[in-house]
Amino acid sequence: MTLHHTLQATDGRARAGTLHTAHGEVPTPVFMPVGTAGTVKAMTADAVRATGARMILGNTYHLMLRPGAERVGRLGGLHRMVDWDGPILTDSGGFQVMSLAKLRKMDRDGVTFRSHVDGSKHRLTPERSIEIQHLLDADVTMCLDECIPFPATEEEAARAMRMSMLWAARCREAFVPREGYGLFGIVQGGVFPELRAESVRALTEIGFEGYAVGGLAVGEGQEIMFQTLDITTPLLPADKAHYLMGVGTPSDLIGGVRRGIDMFDCVMPTRSGRTARAYTSRGVMNMRNARFADDATTLDPECNCPACTRHTRAYLHHLFRAEEMLGPMLLTWHNIRYYQRLMERLRAAILAGRFEDEAARIEAGWEAGAA
Ligand SMILES: Nc1nc2cc3nc(NCCc4ccc(CCO)cc4)[nH]c3cc2c(=O)[nH]1
Ligand SMILES: [Zn+2]
């Protein structure tokens, strides 16, 4: 059986399920820490496991540039190289080329670009992206698509979406089916309901093991993101996994789960961990703030991570002020643990039919902290 998703419960449009992959079962809703270049920054693989994370994300764009897709293949694939025995999802490269590469040229057949690392020339086509993700041995492979910036005209969104749908068909053709492995299609269409519906029709016509909502978390803001989800997720096949790419803050995750999303990934918890921003049950805190200099209390009393069980806010404050690398290490670990605990709480609430109560309780905790 290829990779598949089973549902255990629904509560409104929120879903609790299990993603069955070649490298194990993943409870959903799931948050995937981002391991862009084959590492979740500042964390060993054991530390990532200790947070409760079950699935991580890697990037075709970064890994094809360095150390190179064929080299990762020779090293036994990403699982072997990273020492991660759980499932791995890899993004296809389209989004990263548009946001990172220099001198890129998109044509109907693919995209040519220069590496942001050393300026060397590269080309990504649907077939090459699928081949790279096969060499990486990703459990979930993403289609090569074109993610347009926000705002965009309906004409621009239609052009990019229709090209992405042609590329999706070519990705389906190029993908080598394997037990426990799957290819996900990516819905595009900007903020335009008819284009989103056309994109879902095109993808379900081709048939994928899971469906991602792309083209969001590109600066449109939470309200427009949620409005777009409201008109898109109900159209997705209920018996397949629904993945919202690049999202998001804890508040985004609650709203995304409420709207039928099963899978998330975002650099927010790791990026924030390196910049002293802590996500806690009482909201966000900047640990560089002088108010923490003598604060001998626990960062988050509800958390069981090393930062919260062994250290104080004053110590974290000191580490960041002193530019010590242990600061980003401890706070990244905490933030990923916070995101995992959030997903665990939401999943348990859906199974118990009290999703809205739990969401309200979590949001009340943030408000209390802000008071
Ligand atoms: N293939 C593909 N990949 C995507 C990745 C994405 N990632 C995002 N957003 C990430 C946004 C994001 C970027 C940086 C930070 C750090 C704090 O500023 C947080 C969020 N949107 C995305 C859309 C797509 C998409 O359509 N197709
Ligand atoms: Zn913690």
Side-chain angles (χ1 to χ4, degrees), residues 32 34 36 41 47 50-52 57-61 89-100 111 124 126 129 133 140-150 152 157 160-161 164 167-168 171 183-190 196 199 211-222 225 228 232 243-250 252-253 256 263-275 277-282 284-285 287 297-313 315-316 329-342:
M32 299 177 284
V34 173
T36 289
K41 293 185 182 350
T51 67
L57 177 138
N59 272 310
T60 292
Y61 171 77
L89 178 148
T90 49
D91 198 354
S92 52
F95 180 85
Q96 289 77 29
V97 165
M98 300 317 281
S99 47
L100 287 168
V111 56
L124 259 187
S129 177
Q133 296 178 75
V140 177
T141 293
M142 300 307 295
C143 284
L144 183 68
D145 60 338
E146 184 187 352
C147 172
I148 51 167
F150 176 83
M161 180 272 286
S164 295
W167 286 4
C171 287
L183 175 66
F184 280 22
I186 306 176
V187 179
Q188 293 292 348
R196 286 280 173 180
S199 183
Y211 294 84
V213 181
L216 293 176
V218 288
E220 75 281 0
Q222 188 181 74
M225 177 170 76
T228 307
T232 304
Y243 166 30
L244 178 54
M245 304 188 84
V247 175
T249 65
D252 292 337
L253 296 185
M263 298 167 66
F264 301 86
D265 85 274
C266 189
V267 296
M268 199 68 91
T270 41
R271 176 84 55 86
S272 299
R274 299 196 299 279
T275 57
R277 273 171 71 82
Y279 286 96
T280 78
S281 318
R282 292 282 173 279
V284 183
M285 302 174 190
M287 299 318 292
T297 67
T298 297
L299 173 61
D300 186 342
E302 294 181 24
C303 183
N304 62 349
C305 85
C308 296
T309 53
R310 309 299 301 272
H311 297 296
T312 62
R313 292 173 176 184
Y315 182 56
L316 291 166
M329 290 165 69
L330 284 173
L331 204 51
T332 300
W333 186 321
H334 166 79
N335 281 348
I336 294 295
R337 177 70 193 128
Y338 180 77
Y339 270 59
Q340 295 307 320
R341 283 195 309 113
L342 176 62

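Numbering of ligands and ligand atoms starts at 1, following listing order. In this text, all values refer to a predicted model and were calculated from it rather than measured experimentally.
Interface atoms of ligand 1 facing Gly215, defined by a heavy-atom separation under 4.0 Å, are 23 (C), 25 (C), 26 (O). Here is the list of ligand 1 atoms found below 4.0 Å of a heavy atom in Gly246: 7 (N), 8 (C), 9 (N), 10 (C), 11 (C). Which parts of ligand 1 touch Met268 is read off a 4.0 Å heavy-atom cut-off, strictly below it: atoms 17 (C). Numbered from 1 in the order shown, with element, the atoms of ligand 1 that lie under 4.0 Å from a heavy atom of Val267 read 14 (C), 15 (C), 16 (C), 19 (C). Remark: ligand 1 atoms within the under-4.0 Å shell around heavy atoms of Ser92 are 1 (N). Using a 4.0 Å cut-off to heavy atoms of Asp145, the atoms of ligand 1 that qualify are 1 (N), 2 (C), 25 (C), 26 (O), 27 (N).
Every residue meeting the salt bridge (Lys or Arg N to Asp or Glu O under 4.0 Å) condition with Asp300, not counting sequence neighbours, appears here in chain and number order: Arg341. Qualifying salt bridge (Lys or Arg N to Asp or Glu O under 4.0 Å) partners for Glu220, counting only residues two or more places apart in sequence or in other chains: none. In terms of the ring-ring contact (aromatic ring centres under 6.0 Å, His included) criterion, residue partners of Tyr61 (sequence neighbours excluded) are, by chain and number, Phe113, His116.
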Evaluation steps, side chain to side chain donor-acceptor pair (under 3.5 Å), between Gln188 and Ser199
CA-CA 6 Å; Gln188 293 292 348; Ser199 183; over 6 Å; no
Please step through side chain to side chain contact (heavy atoms under 4.5 Å, CB included) for the pair Thr270 and Arg274, ending with a clear verdict.
CA-CA 6 Å; Thr270 41; Arg274 299 196 299 279; 3.9 Å; yes
Run Tyr279 and Tyr339 through ring-ring contact (aromatic ring centres under 6.0 Å, His included) and show every step you take.
CA-CA 8 Å; Tyr279 286 96; Tyr339 270 59; 5.7 Å; yes
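Of the options Thr60, Leu216, Asn59, Thr249, the smallest heavy-atom separation from atom 21 (N) of ligand 1 is shown by Leu216.
Defined by atom type and a distance below 3.5 Å, a donor-acceptor pair is missing between the side-chain atoms of Thr51 and Gln340.
Remark: minimum distance from atom 20 (C) of ligand 1 to any protein heavy atom is reached at Cys266 SG, 3.9 Å. For atom 18 (O) of ligand 1, the closest non-hydrogen atom of the protein is Arg271 NH1, 4.3 Å. Counting protein heavy atoms only, atom 1 (N) of ligand 1 is closest to Asp91 OD1, 2.8 Å. Protein heavy atom closest to atom 22 (C) of ligand 1, with residue, atom name and distance, is Phe95 CE1, 3.5 Å.
Using a distance-only test at 3.5 Å, with no hydrogens or angles considered, no donor-acceptor pair links the side chain of Thr298 to the main chain of Pro301. Checking side-chain atoms of Asn59 against main-chain N and O of Thr36 turns up no donor-acceptor pair under 3.5 Å. Checked by atom type and distance alone, the side chain of Thr332 never pairs as donor or acceptor with a backbone atom of Met329 at under 3.5 Å. A donor-acceptor contact shorter than 3.5 Å links the side chain of Ser129 to the backbone of Ser92. When atom types are taken as modelled, the side chain of Gln133 and the backbone of Met142 share a donor-acceptor pair closer than 3.5 angstrom. Side chain of Asp265 to main chain of Gly246: a donor-acceptor pair is present (N/O by atom type, distance under 3.5 Å, no hydrogens or angles).
Looking at Ile186 against ligand 1, only its side chain comes within 4.0 Å, counting heavy atoms. With a 4.0 Å heavy-atom cut-off, ligand 1 is reached by no atom of Met142. With a 4.0 Å cut-off on non-hydrogen atoms, Met245 touches ligand 1 through its backbone as well as its side chain. Contact annotation: for Ala217 versus ligand 1, heavy atoms closer than 4.0 Å belong to both the backbone and the side chain.
Put simply, no part of Gly94 is less than 4.0 Å from ligand 1, judged by heavy atoms.
When only interatomic distances are considered, the shortest N/O to N/O separation between Gln96 and ligand 1 does not fall below 3.5 Å.
Excluding waters, the protein N/O/S atoms found under 2.8 Å from the Zn ion (ligand 2) are Cys303 SG, Cys305 SG, Cys308 SG, His334 ND1.
Scanning both residues, Ala278 and Leu331, for their nearest heavy atoms gives CB-CD1, 3.7 Å.
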